[in-house]
Amino acid sequence: MAGTTYPPHHQLRWPHKLGIAYGGDYNPEQWPEEVWAEDVALMREAGVNLVSVGIFSWALLEPSEGAYEFGWLDRVLDLLHEGGIAVDLATPTAAPPAWLLRRYPEIRPRTREGQVLGPGARNGFCPSSPAYARAAARITEQLGKRYGSHPAVVLWHVHNEYGGHVPACYCEVSAAAFRDWLRERYSGDLTALNQAWGTAFWGQRYGEWEEIEPPRLAPTAVNPAQQLDFARFSSDAYLECFRRERDLLRALTPQIPVTTNFMASTCKNIDYWRWASEVDVVANDHYLKAELPDNHIDLAMAADLTRSLAGGAPWLLLEHSTSAVNWQPRNLAKRPGELRRNSLAHLARGADGLMFFQWRAARSGAEKFHSAMVPHGGTDHRIWREVVGLGADLAALREVRGSRVVPDVAMLWDWQSWWAQELEWRPSVDLSYQDAIYSWYERLWRAHLTVDFAHPQADLSAYPLVLVPSLYLMTDAAAANLRRYVAAGGTAVVSFFSGIVDEHDTVHPGGYPGVLRDLLGLRVAEFLPLRAGQSVTLEEPTPDGGTPEGGMTGDLWAEDLLPDRADPVWTYVDGPAAGGPAVTRHRFGDGTAWYVSTRLRGTALDRVLRRAYADAGVRPPAGVPDGLEVVRRVGGRGEFLVAINHTGTDLSVPGHGTEQLTGATCAGELLVPAGAVRVLRTR
Ligand code: GAL
């Protein structure tokens, strides 16, 4: 069987002549031509230097099969170029035209329930459809030939948010493509597939390849290994769509880098570890979860994950919003200063370009209540003034471009484990992978530690500490990787429901936690999920019977833990595992592995993490007040400390150097006014 492979990162190519990229999605086709000249003038006023054009313009560029109307795009690109604005030119293949869906109805995607999705929205196509592939290749080639030498075009924006609205297609064409994908994965060996999928269960054995279907709606839970392979296939099917367009463009315009916009922390159905090395520039879209308290921490997590996908190299924020979006239940507007804090937080965490959806707020269509750089009210508006202010900031920060973020610790992250952990019939419906990751990330953010995310099979040797929140699916190779890392002196903290199954969702032999038993020095006799709302108390017994810092509580989960070599550090006082160990520490080789068998949050989790920091020699920076986000970027042009004050009080951190936004000299203390951002160049 061919395993899942992750190509190494190659050097990402970046249109460096731009400096820090600044701009947004520009949809001139939605406006009369008279507006275009004003657009360019306003872009110049705001310091915009890059716009993404033509993302959804297929029906306008090719109004009927093989007939093209490029005149308007010629005029827009010329106008932008005359104004000194560079273009990230899109292939419009996320918006198949109505004529295409009418002439080739097989392109329309089919849901798991068997419903065919119609036109009138966007992203309505089957990624395995040959008719779609032919049509997408044709318009891509036309654009490549016509605009590859246009001086405005510096970047190709292939498609838009692959997998965004249609996670997978379940039609007959997809079913056949899935079977082909499986034949390759299992080297044509149906017995190997039956074995891997555990089809002896419920009599699901396949005697011929043709019997295999996508995991369509069925009477009850569908085979989990089948679901996992279908998720892999679907991510790969979209990747094939991307590759086809990228390869066409690379052949025509090898000098122009190619990207596509990821949705790194929110899109479950694309395995971005497999995609990251396929793009020339890693690009991400991020929208604030507006109602989430301290939503800037979730933003920081998305930015750190994006940088990690880029292998630490600078990346491009291709979309975020100036204020409210239109698609959340309650679309909270950003308050004054938030746009700058949000934008510069992405920059702090490695973005060398900050773009918005979109330039001018639309008057019609589904997104008319989405904020933009130019609001419905025009330029006499707070948002416009903040947009212009940010442009000036980025000009002042141009020396930051190309520098790299300095990480402190790593956290393992895996889309495939996310898929597997959240299939039906797990021990508790309350298990959420994103919650597990976020609740740990949040504590690191508050400790002012910068996090790199890593694939479980990535080289971890550069990190003093590796965090492993609930990594349910772990291959033998991933477990060996973590063992090697700890044995060589690293420190790991692993939480419950990790290392349980292999890539086929088959339980590792010999008892829980499967491939992590020897590393953690323990066995888990039984999972003890808790009732909704139930909590358990933990204490740290001392020789004289006291609990040094008092008790702490966990929830969601407990375990009947049997340490063989690990030392119990905290024990359960009550709940289904009362009297048994809850948190353990195990010396393994030259390193240390911690295990946390319940869900800890907040300051309770801090108490365990602080012990691990001590083992790892990680020292959270001293003297940084709560609510001040501080990240360092280091490069050939100096070292930059970006400090973002998320509170309503003036705060300061120790620092020497020149502040880049105000030009002030800082000798000993950097003052960051309430809600403001400061960037100190320290050498
Ligand atoms: C993105 C998408 C944009 C726009 C935006 C609105 O997901 O790429 O085209 O729809 O959301 O927030």
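Counting starts at 1 for both ligands and their atoms, following the listed order. Quick caveat: nothing in here was measured; it's all calculated off a predicted structure.
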Q: Could you see which bit of Asn160 sits under 4.0 Å from ligand 1, with heavy atoms only: side chain, backbone, both or neither?
A: side chain

Q. Are Gln421 and Ser470 linked by a side-chain donor-acceptor pair shorter than 3.5 Å?
A. no

Q. Who passes ring-ring contact (aromatic ring centres under 6.0 Å, His included) against Phe357, sequence neighbours left out?
A. His370

(Q) If the threshold is 4.0 Å, N to carboxylate O, is there a salt bridge linking Asp304 and Arg349? (A) yes

Q: Assign the ring pair Phe233 / Phe178 to parallel, tilted or perpendicular, where the plane angle (0 to 90°) is split at 30° and 60°.
A: tilted

**Q.** Which segment of Ile55 sits under 4.0 Å of ligand 1 when only heavy atoms are counted
**A.** neither

Q. Backbone, side chain, both or neither: what part of Gln358 comes under 4.0 angstrom of ligand 1, heavy atoms only?
A. neither

Q) How far is atom 3 (C) of ligand 1 from its nearest protein heavy atom, and which residue and atom name does that atom have? A) Glu319 OE1, 3.3 Å

**Q.** Taking atom 10 (O) of ligand 1 as the reference point, the nearest protein heavy atom with its distance
**A.** Glu367 OE2, 2.4 Å

Q) What residue and atom, counting heavy atoms only, is the protein's closest point to atom 7 (O) of ligand 1, and at what distance? A) Glu161 OE1, 2.4 Å

Q. Heavy atom of Arg122 under 4.0 Å from ligand 1?
A. yes

Q | Closest protein heavy atom (residue, atom, distance) for atom 6 (C) of ligand 1 | A | His370 NE2, 3.2 Å

Q) Using the benzene-type ring in the case of Trp, are the ring centres of His320 and Tyr287 under 6.0 Å apart? A) no

Q.
Please check if the number of heavy atoms outside Arg102 that lie under 6.0 Å from its CZ is greater than 12.
A. no

Q) Which of the atoms in ligand 1, numbered in the order shown and given with their element, are less than 4.0 Å from a heavy-atom of Asp285? A) 8 (O)

(Q) Check this for me - ligand 1, Asn326, N or O atoms closer than 3.5 angstrom, yes or no? (A) no

Q | Geometric class of the Trp415/Trp413 ring pair [parallel <30°, tilted 30-60°, perpendicular >60°] | A | perpendicular

Q) How does Met263 reach ligand 1, by side chain, by backbone, by both or by neither, if only non-hydrogen atoms under 4.0 Å count? A) neither

